[in-house]
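Worth knowing before you read on, the calculation uses all heavy atoms, side chains too, and leaves out hydrogens, waters and symmetry mates. In what follows, chains carry the letters A, B, and so on, assigned in the order in which the sequence lines appear, proteins first and then strands, with residues in each chain numbered from 1.
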Amino acid sequence: MRYPFKQVEEKWLQYWEENQVFKTDLNNTQNKKYVLVMFLYPSGANLHIGHWYNYGPTDSWARFKKLLGYNVFEPMGYDAFGLPAENYAIKTGIHPYDSTMQNIEDIRKQLKKMGCMYDCNAELMTCVPEYYKWNQWIFLQMYKRGLAYRKFAPVNWCNSCQTVLANEQVIDGECERCNSKVIQKNLYQWFFKITDYAEELLDGLNKINWPEKTKIMQRNWIGKSEGAKVIFKVEHSDEEIRVFTTRPDTLYGVTYVVLAPEHPLVDRITTEEHKKAVENYRESTKLLTEIERTSTVKEKTGVFTGAYAINPVNNERVPIWIADYALITYGTGCVMAVPAHDERDFEFAKKFNLPIKKVILQDGTKEEDELTSAFTDVGTMINSDIFNGTRSDEGITKVIEYLEQKDFGKRKINYRLRDWLISRQRYWGTPIPIIHCPNCGEVPVDEKDLPVELPYDVDFRLGGESPLARNEKFIKVICPKCSGDAKRDPDTMDTFVDSSWYYLRYLNPNYKKGPFDTELADKWTPVDMYVGGAEHATMHLLYARFFHKFLRDLGLLNSDEPFSTLVHQGTITNQGAKMSKSKGNVVNPDEFIENYGTDVFRMYLMFMGPYDQGGDWSDKGISGVDRFVNRTYDLFKQYENKLRNVIASDKYDLSSLNDDEKKVYRKVNQTLKKFSDEIENFRFNTAVASLMELLNELKALENCIDEIKLYVLSRFAFMLASVAPHLGEECWQFLGNDKSIYLSNPSFIIDSEALSEDNVNIAIQVNGKLRATISVPIDSEQSYLKSLVEKDERVMKFVNEKTILKEIFVKNKIYNIVVK
RNA sequence: GCCGAAGUGGCGGAAUUGGUAGACGCGCUGGACUCAAAAUCCAGUGGGGCUCACACCUCGUGCCGGUUCGAGUCCGGCCUUCGGUACCA
């Protein structure tokens, strides 16, 4: 009979809801497991395969933990602010609030079909004042501590989205969202001082169980480098140039200095005769950034300023150039150029005929040998006064010590990480709780006046300024300090602010005394298992760590990290291409749900391949899972109500069982072991395969007594309930159970004695080549095998007339005879 | 360029610390059931050789080399694909 999935799925969904099976008792923190998937962006499109792939298997993991007796908390919510809703509004006139709420309602229904254990009491959305009020509150706490600040700064501007972007949101010089070219613009913007936490963010990576590649990405993004700051005086001037270098050992080889074109010093030091050229160059680089910054041809360009700097260690006079290969955003915006030992400087020096001075001698070469490229490895220091003869790697610290002694410079650590730009010139986000007063300057909104509510009636057409700036009712306020006319800050916050702490809010979404219930947060965080896309490696996953540490420093949390274990699901592609609405290649899961049901579809997604690898979508194998599910259903259906009065023990003595009983008893114990291991480690494909193997062995069930049947089938149903929840429940019921398996606490213990077999197959090799396999009792000794092999013609024909040099024996595995 | 991951049958993919390569599934082939088909069930299925057949032999995990009794797994050198990053001093 075909598995009537529609009735079964409906039945159990209803049961779970009516009996609140998945409501978590948050006050009970014994055996707690906080399982979380990255929350959902409520777009108008249907949930696609990617959502199912993310949520389904993770839910199976959570379900298995629950079956094992853990107190599992698995919430789901909506990341409801953001640009797409606003762009949609501009196009259609439908207000972002209305469309978002409608979308959430639609998505709730679809989510339900997945049959996940989401605790609906914990649902949250970020676009309501009850939530974003606390974004503002956190903002104010940062402001108080100098961690939220406003500055006039060059920012990434997307003309199409009419807003600024964080560095993390610029991909290949293009806007992450709309792929249009990002340009530079100078604007007053709000920043969060994430750089204050750079060192701790780096350090903390060693303490968390995250994919190594994600940690590496964060490490690179933070980009710590150690070196020195060196001060060069500008000749005939009071100005000084402070450079950062990781190679103080090459300091004697400096032949020129480079400033970034935008560097403020340029105006003050450029000589009259070079002003024009410098101005032209600055203009051209500005244009270049706007037009073609990502050009693959990186021909070095630059101009001389006419000024000279003095190298503090040898008083050499070196020219000061400007060039766009010096970046204003990194280090001090100034570079000491050592062409002999830096590839970029070498290239530049060659092009502009600047001197190349060798100060590190490569082992096995002579000083007068000409350099054909920069030598950047370790060698012996030369032309370096008192350091001559020193190995360059040791020279680094020695030169730094010397610089500090003479007051020429200092040891310095630099980070690539920049502060997080959070202002957005858009409507659909959290208003920034700051008032700008002509008399008092920046005035933070009083905490008791929060939330600063986002007004509903707004003209959100694009215009280069925030839509909120055009809303008189919102923008005009009385300054709380001087009672004069003032204006609210018209910008809203980056939506990554919302997602930086939502996992704390889930624990009590209605909490009123603070952003989250600190008592619960202490018990339930860090999140035990966090699952989401790898594309968030340097954005959400970095910001959330920063927030967590900040909230800890506020005294609201005790833990240092938000997510102790992280897993990335892979990407499901369609014919090699990422699925996206714009490409029109999104595979709709609906037809599979309709034809096969939720359980089959979820199980197929798990079975396809390694979870973190994703893969190209194909429905080719789904019939295999469908067959498995139907066979399984048939098997259990056969025993419907027949085992109701049977009672199985927790353990059976193998010697009391017949061969078939032994076989299935062992197999189910072995499967339970394997299945548990595989699920625990997110290896769902092999977990499902192990169940298929088990089913294939269960033909032998016919020759078993009822007790064994029940023993085996109840364990099978137990495992099924994790990967095919509705079917698992149904099968559990067929065995005579009246209650949901999730309310039954079966606590099956693996019989470790049943894990091994009576007999094992040993590979018999001659010189490492397989010549025969022999079945022997487990743990047989070498001598016994030898006696068998000696009678075995298949093996002996390769041994006869040759000398046995060696025999290698690995118990229960292999017996290898080495001959010559 | 640099950092990271991966290359295994016709296909998706399995293989504890080096120890019987190809689990599980798809597909395909043959058979049963059927008037027939679908569905279902049973059997077979890496390539090559040899044989009436059973058996047996041989080659096989991107390429070349090495370590080892034994390598998909370890080491050295390449090639390809996919992610990340990009003048970071």
Side-chain angles (χ1 to χ4, degrees), chain A residues 2 171-173 211-217 219-221 223-225 227 243-247 250 258 260 293-294 296 298-300 323-327 329-338 341-345 347-348 414-418 534-535 537-538 568 570-571 573 576 604 607-610 612-625 627-628 630-631 634 674 677 683 685-696 760-774 793-794 797 805-819:
Chain A
R2 201 176 147 74
I171 315 288
D172 289 335
E212 206 49 44
K213 75 167 188 189
T214 308
K215 292 204 227 174
I216 289 169
M217 277 168 73
R219 276 189 203 112
N220 291 341
W221 193 263
K224 179 179 182 174
S225 51
V243 302
F244 171 72
T245 178
T246 54
R247 294 293 305 274
T250 64
V258 187
R293 174 112 213 194
T294 49
T296 43
K298 279 174 207 151
E299 178 89 7
K300 294 271 179 298
D324 65 357
Y325 85 91
L327 307 172
T329 49
Y330 182 74
T332 58
C334 314
V335 181
M336 61 173 228
V338 187
H341 307 293
D342 180 281
E343 275 159 38
R344 294 151 303 179
D345 300 342
E347 212 182 301
F348 192 83
N414 234 334
Y415 298 92
R416 224 184 64 140
L417 183 70
R418 287 185 253 159
E535 67 274 16
T538 52
H568 295 305
T571 315
T573 54
Y604 178 58
F607 185 59
M608 280 193 335
D612 56 358
Q613 222 171 285
D616 207 44
W617 172 254
S618 156
D619 58 5
K620 263 172 86 178
I622 196 166
S623 55
V625 174
R627 275 176 209 148
F628 167 79
N630 276 289
R631 280 178 203 148
D634 285 345
K674 177 160 168 80
D677 283 356
R683 290 191 295 255
N685 53 335
T686 44
V688 171
S690 74
L691 294 186
M692 290 175 168
E693 269 185 74
L694 175 63
L695 177 66
N696 291 343
V760 285
N761 286 327
I762 308 277
I764 311 297
Q765 301 180 334
V766 179
N767 289 344
K769 276 195 174 151
L770 181 70
R771 294 305 174 187
T773 58
I774 302 181
E793 191 36 42
R794 293 173 300 176
K797 71 179 176 190
L805 297 177
K806 209 187 206 180
E807 285 165 76
I808 284 132
F809 176 73
V810 181
K811 209 179 229 181
N812 299 327
K813 279 208 170 131
I814 211 155
Y815 178 46
N816 185 13
I817 304 168
V818 185
V819 298

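At the phosphate of B:U85, neither OP1 nor OP2 sits under 4.0 Å from any side-chain N or O atom of A:R416. Side-chain N/O atoms of A:R771 include one lying less than 4.0 angstrom from OP1 or OP2 on B:U58. In this structure, A:S225 reaches the B:A89 phosphate: one of its side-chain N or O atoms is under 4.0 Å from OP1 or OP2. Between A:K769 and B:C59, a side-chain N or O to OP1/OP2 separation shorter than 4.0 Å is present. The shortest distance between the side-chain N/O atoms of A:N696 and the OP1/OP2 oxygens of B:G25 is below 4.0 Å. An OP1 or OP2 oxygen of B:A14 is reached within less than 4.0 angstrom by a side-chain nitrogen or oxygen of A:N685.
Comparing B:A89, B:C57, B:C69 by their nearest atom to the side chain of A:D342 picks out B:A89. The A:T686 side chain lies nearest to B:A15 when the options are B:G12, B:A15, B:U20. Closest approach to the A:I814 side chain among B:A23, B:U85, B:U20 is made by B:U20 (side chain taken as heavy atoms from C-beta onward). Each of B:A89, B:G27, B:G19 was ranked by its minimum atom distance to the side chain of A:R627; first place goes to B:G27. In this structure, of B:G25, B:U20, B:A23, it is B:U20 that holds the atom nearest to the side chain of A:L770. For A:N816, the listed nucleotide lying nearest its side chain is B:C69; candidates were B:C69, B:U20, B:A89. Relative to the side chain of A:P610, the nucleotides B:G13, B:C24, B:G84 differ in distance, and B:G13 lies closest. Distances were taken from every side-chain heavy atom of A:D324 (C-beta onward) to each of B:C87, B:A23, B:G13; the shortest belongs to B:C87. In this structure, of B:C87, B:G19, B:C59, it is B:C87 that holds the atom nearest to the side chain of A:L327. Comparing atom distances between the A:K813 side chain and each of B:U20, B:G4, B:G19 picks out B:G19 as nearest.
Atom-to-atom, OH of A:Y815 to P of B:G70 comes out at 17 Å; the value is rounded to the nearest Å. One interatomic measurement links the two molecules: CD1 of A:I808 to C1' of B:G70, which rounds to 7 Å at whole-angstrom precision. Whole-Å rounding puts the A:D616 CG to B:C26 P distance at 20 Å. Nucleotide B:A21 holds its C1' atom 12 Å from the CD atom of A:Q765, rounded to whole Å. Between the CD atom of A:E693 and the P atom of B:G25 there is a distance of 8 Å, rounded to whole Å. B:C26 atom P lies 12 Å from atom NZ of A:K620, rounded to whole Å. As rounded to whole Å, 11 Å separates atom C1' of B:C56 from atom CZ of A:R794. Atom NZ in A:K806 sits roughly 9 Å away from atom P in B:G70 (whole-Å rounding).
Within the 4.0 angstrom heavy-atom criterion, base atoms lie near A:N761. A:A323 comes within contact range of no nucleotide atom at all, as no heavy-atom separation falls under 4.0 Å. Across all strands, A:S623 comes closer than 4.0 Å only to sugar-phosphate atoms, never to a base (heavy-atom distances). Nucleic acid contact for A:V335: base, since at least one base atom lies under 4.0 Å from a heavy atom of the residue. Note on A:T245: only backbone sugar-phosphate atoms sit closer than 4.0 angstrom, heavy atoms only; bases stay farther off. Nucleic acid contact for A:R219: none, since no nucleic acid atom lies under 4.0 Å from a heavy atom of the residue. Note on A:K215: nothing from the nucleic acid sits closer than 4.0 angstrom, heavy atoms only.
Here the CG atom belonging to A:N767 is positioned 9.5 Å from the CD1 atom belonging to A:I817, to the nearest 0.5 angstrom.
Taking syn as a glycosidic angle within 90° of 0, B:G9 qualifies as syn.
Distance noted for atom C1' between B:A5 and B:C24: 25 Å (whole Å). When the P atom is used for both B:G49 and B:A43, the distance is 28 Å, rounded to whole Å. Nucleotides B:G27 and B:G12 have their P atoms positioned 15 Å apart, rounded to a whole Å.
Comparing A:M608 and A:G768 along RNA chain B, the residue whose closest nucleotide (by nearest heavy atom) sits nearer the 5' end is A:M608.
B:G12 is paired with B:C24 under the Watson-Crick or G-U wobble criterion, all donor-acceptor distances under 3.5 Å. Pairing of B:G1, defined by two Watson-Crick or G-U wobble distances under 3.5 Å, is identified with B:U85. B:C56 is paired with B:G49 under the criterion used here, namely a Watson-Crick or G-U wobble arrangement in which both key atom distances are under 3.5 Å. In this structure, B:C33 makes no Watson-Crick or G-U wobble pair, since no nucleotide meets both defining distances under 3.5 angstrom. Partner assigned to B:G7 is B:C79, using Watson-Crick or G-U wobble distances below 3.5 angstrom.
Side-chain N/O atoms of A:K213 and base N/O atoms of B:U85 include no donor-acceptor pair closer than 3.5 Å.
The environment of CD in A:E343 is sparse: at most 12 heavy-atom neighbours from other residues, nucleotides or ligands sit within 6.0 Å.
Remark: A:K300 qualifies as a cation-pi partner of A:Y325 under the 6.0 Å distance and 45° angle criteria applied to the six-membered ring.
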